[in-house]
Amino acid sequence: MKPNEIFKELKVHFGEEITELVENPSSDTYISVKPEKIDEICRFLRDNDAFKFDFLTLLSGLDLKEKLGIVYHLYSMELKHRLVLKTEVPKDSPNLPSLVRVWRTADWHEREAFDMFGINFQGHHNLIRILCPYDWEGYPLRKDYKEPEEYHGNRVPY
Amino acid sequence: MSEKKYIDIEFSQLDSERMRLFMGPQHPSTHGVLQLEVELDGEIVTDLIPHIGYLHRCFEKHAENMTYPQIIPYIDRLDYISSMNNELPYVMGLEKMLDIQVSEKVEYIRVIFSELNRIANHQIAIATFGLDSGAFTPFLYYFRDREMILTIFEKASGGRLLYNYFWVGGLAADVHPTFKEDITEAIRIIRDTNAEILNLLLKNKIFIDRTANVGILPADIAISYGVTGPILRASGIPLDLRKAEPYSIYERFDFDIPVGNGEVGTVGDCWDRNIVRFREMEESCKIIEQALKTFPSQGDVRENVPKRIRLPKGEIYCKAENPKGELGFYIISDGKDKPERVKVRAPSFVNLSALPEMSRGYMFADLVMILGSVDIVLGEVDR
Amino acid sequence: MEEANFVFNMIGENWIAFAIISLLPMIFLLAYALIAILGELKISAFIQERLGPMRTGPWGIIQPVAEVVKLLQKEDITPDSANKPLFNLAPFIMFAASYAGFAVIPFSSYFVPSGINLGLFFLLAVGSLGIIGLLMGGWASNNKYSLLGGLRAVAQIVSYEIPAAMVILTIAVMAGSLDLQEIIRQQSGWFWNWFVFGGSGGWIKIIFLPFSFIMCIIYIIASLAETNRTPFDIPEGESELVAGYHTEYSGMKFAMFFFAEYANMFIVSAIITIIFFGGWNSPFGDFMGGPIWGVFWFVSKAFVFVFLQIWLRWTLPRLRVDQLMYVSWKVLLPFSFVCFLALSLLVMLK
Amino acid sequence: MKDYFKNVWLGVWTALIGMRITIDHLFRKNVTVQYPNVHPKDKAGWMDMPSNARNRLYVDMDECNGCNSCARACPVNCISIETVRSVPGDAPPPLASGGKRNLWVSQFEIDFTKCCFCSLCTEACPTGAIVMTTEFEYSSYNRYDLVYNFVKLQNSMSDEKIAEVKEKWAEHQKEKKKEAVEPK
């Protein structure tokens with residue numbers, strides 16, 4: 001299924017939640033959605049027989065200067081098609097529903113996005129840092145991140 | 001869900017204190033700096049928490065401050081035992097965005113080298129798995145053979161482990177003149193050794209007892225965990241990006257996708273994962289042989305390499321079938337010569353996240369086997 | 001019966017003789033340990049198509065000496081939270097237990113340190129003593145890996161005592177004696193008189209030959225488990241338990257454990273030689289017979305089994321704890337029962 | 001019951017098969033190369049080191065024109081180059097291959113503790129001054145010994161010469177400034 005067909009179908013079911021279909025000749029096509037009901041949209045995409053997106057390939061956080069973005073790369077093992085979902089949350093309250101109950105692989109991906117961008121996935125059972133030490137401060141992949149001077153008495157920029 | 005074999009009523013009725021055992025980061029069989037917090041009831045693993053990040057090298061942050069060719073050496077160091085495979089999706093993605101068509105010869109060399117590196121990776125995977133099970137000898141037989149593959153790479157690229165060989169638009173250097181003969185010889189020896197290892201290790205009764213019915217990952221759970229590569233195929237799902245979404249020139253070659261079928265145990269156990277890797281080596285040999293037959297020896301491998309890479313604004317998700325699973329790069333460009341963001345879909349990272357699910361309820365000694373069968377490289381898990 | 005000890009014959013029964021007799025196995029043990037360590041290094045290397053140690057001496061033959069010197073020089077660390085008396089005692093108990101076994105090993109018809117007539121029984125009893133050292137070391141280290149290793153070791157060795165005891169019992173029945181010299185003497189003559197081929201006797205023993213052969217295999221397997229060698233090295237199980245019960249040991253105390261393991265390897269090989277392969281008897285009747293050649297035959301037969309242990313170690317993977325128990329209780333024990341009955345029948349028929 | 005005996009038999013039989021394989025290897029030729037005695041560069045054969053192996057970098061200061069391309073291409077910033085511009089009429093000697101040079105290279109440092117041997121610098125170099133060699137035995141006890149200053153090592157410029165050109169350039173700058181401030 002092509003992304004534009006999926007977009008049409010989603011628009012029928014979720015209406016306002018689905019904002020736009022972004023098509024660009026030099027890059028992947030993606031569907032932009034609102035963050036509030038992302039878990040329902042994903043559950044629909046997973047369970048609907050026309051889509052069968054049973055595979056969350058990648059969940060990545062983005063820094064979009066004013067906002068934080070979350071990108072979902074979906075794949076259907078049976079129908080062999082891919083889809084990119086993109087959503088945005090404001091930087092001061094980066095909250096959106098977690099997808100752990102839809103795909104279990106979202107667990108570590110969301111922890112990584114939390115670790116690197118501080119995106120707060122509501123409903124995640126264990127949202128703690130994963131790559132950085134547990135007591136690290138700040139969110140390193142944000143563009144405005146400043147490296148700390150020292151960490152536990154060790155100079156950080158060696 | 002399949003039944004877990006070693007939780008019996010007798011065990012659960014014995015009310016004993018649970019022991020918390022920290023395994024790693026310095027432990028002989030965690031395959032690097034991985035820490036596993038294991039909760040043991042006697043010898044049974046009741047819970048498992050992986051703590052990762054000991055080898056975090058900020059790849060994604062580094063990549064934001066690098067030009068596109070400068071990122072390639074860093075990509076080599078993600079999964080440092082299959083560097084050739086790592087470079088492939090990245091350069092393919094950039095070529096797609098830049099609309100560069102690489103020559104036939106480049107494609108052939110890329111395929112041959114990726115497959116050779118796949119063999120090298122699986123050799124290490126099975127060898128270290130044997131080591132985990134206590135069989136030392138297959139480890140050295142496989143390392144002996146891997147040296148040959150590395151020598152071929154060194155002759156072509158100059159690097160032994162980290163190659164920086166696949167460039168955007170071509171290759172860093174042409175292959176050496178004895179390339180074909182070297183590979184033919186290597187494949188012959190690899191096949192000989194494989195026949196031996198099959199009898200020495202994989203068909204050994206003790207080995208089968210240790211691995212069959214251990215660490216079972218059913219297909220539905222494997223999909224839910226996003227597991228890819230040999231682990232997913234061992235669970236019985238024939239998903240291989242080389243077939244499902246053929247890239248480069250893979251659709252020209254005739255090869256099979258080995259899947260686990262529970263010959264000695266249950267589908268998706270540790271033995272299946274190893275036999276899938278083992279059979280994939282043979283498939284790779286087949287691909288290489290076919291590619292060598294039609295290998296175009298004329299042509300310049302660097303004619304399409306751009307002097308300076310400046311990507312158009314946009315984003316791309318480029319992926320390839322790595323030995324460990326689907327390696328993807330999500331590259332976002334804002335039109336400068338440096339990427340806005342490079343996000344890695346590291347197969348080891350995703351595969352490792354299924355480890356607690358796989359190992360709960362098995363014995364402590366099985367945990368080592370299960371971890372070995374996942375075949376992680378911490379450089380890729382932690383990035 | 002002559003007094004089976006050439007030292008007593010030479011200098012009479014005095015304390016010097018006793019001292020010499022008790023020291024002779026020690027000298028042998030030291031020489032043997034060096035050879036066995038080198039053998040392990042070199043055989044494993046050749047099996048794996050390596051060269052092994054090459055730098056110390058020509059072809060690295062003084063490598064074991066270098067290793068012993070290194071271990072002697074190393075700092076002897078006792079963990080802070082370990083139970084110090086037990087921790088320090090464990091390697092000595094371990095070594096004492098394996099050295100005690102040498103007391104009854106007959107190297108030749110004219111030399112056995114202590115010619116007691118309960119030799120087999122003594123070996124069985126002393127062999128179990130080492131467990132205390134293992135458990136002590138594992139428990140006193142106050143390390144979870146050591147504890148697991150120690151517990152595994154005890155469970156394993158206690159289990160494997162039983163099939164081993166069954167085999168020894170069979171030999172006692174077949175030989176009608178517990179005296180090792182007597183058992184060996186019964187196997188004199190050509191090699192088909194060895195107990196592995198059913199002992200001396202008429203053609204009827206052909207029927208029982210498979211049983212005695214299986215008994216021999218059972219004892220070899222059980223002895224591997226008792227010495228914690230692969231495929232039964234789960235107490236050390238380095239892939240999961242780092243080094244098992246001796247994780248915390250270093251320097252000389254570690255060397256004691258190491259030494260005890262190699263001594264144990266020799267003892268079990270010696271037992272196999274004595275009870276199944278004719279001890280110091282020449283395999284070819286009177287050819288190269290006699291007490292001096294007896295030492296040669298005994299030691300070389302024992303070394304074949306030491307080599308077998310090393311060979312197996314570098315071939316096989318390791319079993320899991322429950323499978324180890326399975327092998328002991330559900331495979332070796334029933335087989336040994338059946339063979340015991342069959343061989344007892346043979347004795348009756350003879 | 002049948003399975004039981006089959007398993008026992010398999011256990012023994014596969015162990016024997018394994019033992020046959022290992023004993024076979026026991027008498028085969030070893031593959032170990034005794035490294036310091038047999039050097040990979042000397043050993044002509046299957047596993048020898050090819051001439052294009054990427055190891056320690058070498059910079060030919062007679063060829064370097066101080067363009068800084070290598071430092072910019074380096075992903076780990078291990079190259080640091082300092083140049084002094086030459087005053088008119090006092091140009092540095094031309095490149096060994098004949099090209100012109102306008103810069104005195106007063107410092108060319110490569111920090112081999114950082115170098116990742118990716119060979120991107122050698123590709124960027126327009127004159128071929130920086131090359132990868134097959135030399136790999138250069139470990140040292142002090143990590144500051146691994147910072148190579150090729151100007152010092154090849155003595156392409158003595159300290160006095162550097163001071164001299166720096167002074168000349170400073171004077172030239174001063175004169176220029178003066179000219180700019182008070183045009184005649």
Side-chain angles (χ1 to χ4, degrees), chain B residues 62-63 65-67 69-77 135-138 140-141 143-145 147-148 150-165 167 172-174 176 178 182 185-186 189 195-209 264 302 305 307, chain D residues 3 6-26 28-33 40 43 45-57 69-78 114-124 126 131-134 136:
Chain B
H62 268 306
N65 302 309
M66 298 279 163
T67 59
Q70 282 181 347
I71 295 174
I72 298 180
Y74 282 85
I75 287 173
D76 282 338
R77 284 155 177 80
F136 291 79
T137 307
L140 281 126
Y141 294 168
F143 263 70
R144 180 197 64 200
D145 287 5
E147 284 299 299
M148 291 185 319
L150 296 191
T151 309
I152 293 169
F153 289 162
E154 192 184 20
K155 281 179 183 170
S157 72
R160 210 169 166 75
L161 195 63
L162 307 158
Y163 312 108
N164 187 17
Y165 187 58
W167 281 7
D174 203 346
H176 49 287
T178 57
D182 284 358
E185 172 74 3
I189 295 173
E196 259 178 6
I197 300 283
L198 186 66
N199 281 324
L200 179 59
L201 184 69
L202 292 169
K203 279 190 178 170
N204 188 292
K205 184 76 179 103
I206 298 176
F207 184 80
I208 290 175
D209 278 351
V264 296
R302 289 174 73 159
V305 177
K307 280 267 174 299
Chain D
D3 278 359
K6 200 184 151 205
N7 279 341
V8 172
W9 168 246
L10 270 180
V12 176
W13 181 242
T14 53
L16 288 176
I17 290 176
M19 285 167 79
R20 191 188 56 72
I21 292 170
T22 43
I23 200 80
D24 183 26
H25 277 273
L26 185 62
R28 273 203 211 165
K29 202 174 175 299
N30 302 315
V31 294
T32 311
V33 176
K43 192 175 152 270
W46 175 224
M47 298 267 191
D48 60 344
M49 184 184 246
S51 55
N52 63 339
R54 298 201 309 248
N55 286 301
R56 187 171 71 181
L57 286 164
S69 311
C70 49
R72 260 182 281 128
C74 182
V76 288
N77 299 330
C78 73
K114 285 185 188 172
C115 178
C116 72
F117 306 100
C118 62
S119 194
L120 284 174
C121 49
T122 63
E123 302 294 339
V131 285
M132 287 273 179
T133 62
T134 51
F136 61 94

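Chain naming here is simple, since letters A, B, ... match the order of the sequence lines and numbering starts at 1 in each. Note that these values count all heavy atoms, side chains included, but never hydrogens, waters or copies made by symmetry.
- For chain B, no part of D:Asn55 is nearby; none of its heavy atoms comes within less than 4.5 Å.
- In this structure, the side chains of B:Glu196 and D:His25 come closer than 4.5 Å at one or more pairs of heavy atoms.
- Taken to the nearest 0.5 Å, the CG atom of B:Asn164 stands 7.5 Å off from the SG atom of D:Cys116.
- We find the CD1-OG1 distance between B:Ile208 and D:Thr14 to be 7.0 Å, quoted to the nearest 0.5 Å.
- Neither the backbone nor the side chain of B:Ala135 comes within less than 4.5 Å of any heavy atom in chain D.
- With chain B as partner, the option from D:Thr22, D:Ile21, D:Val31 having the largest number of non-hydrogen pairs under 4.5 angstrom is D:Ile21.
- Of the listed residues D:Cys74, D:Ala15, D:Ala124, the one with more heavy-atom pairs under 4.5 angstrom with chain B than any other is D:Cys74.
- Atom NE2 of residue B:His176 and atom CG of residue D:Asn52 lie 9.0 Å apart, to the nearest 0.5 angstrom.
- Contact annotation for D:Leu10: both backbone and side-chain heavy atoms come within less than 4.5 Å of a heavy atom of chain B.
- Proximity of a side-chain donor or acceptor of B:Gln70 to a complementary backbone N or O of D:Arg72 within less than 3.5 Å is detected.
- Within the 4.5 Å cutoff, side-chain heavy atoms of B:Tyr74 are placed close to those of D:Val76.
- Note: B:Ser157 leads B:Ser157, B:Pro69, B:Ala156, B:Ala172 in heavy-atom pairs under 4.5 Å with chain D.
- For B:Thr67, no part sits under 4.5 Å from any heavy atom of chain D, backbone or side chain.
- Heavy atoms closer than 4.5 Å to chain D are found in the backbone of B:Tyr163, but not in its side chain.
- One finds the CD1 atom of D:Ile17 at 10.0 Å from the CG atom of B:Leu200 (value rounded to the nearest 0.5 Å).
- Side-chain contact between B:Trp167 and D:Glu123 is present, with at least one heavy-atom pair separated by less than 4.5 Å.
- Using a 4.5 Å cut-off on side-chain heavy atoms (C-beta onward), B:Ile72 and D:Cys118 make no contact.
- Rounding to the nearest 0.5 Å gives a distance of 10.0 Å between CZ of D:Phe136 and CZ of B:Arg160.
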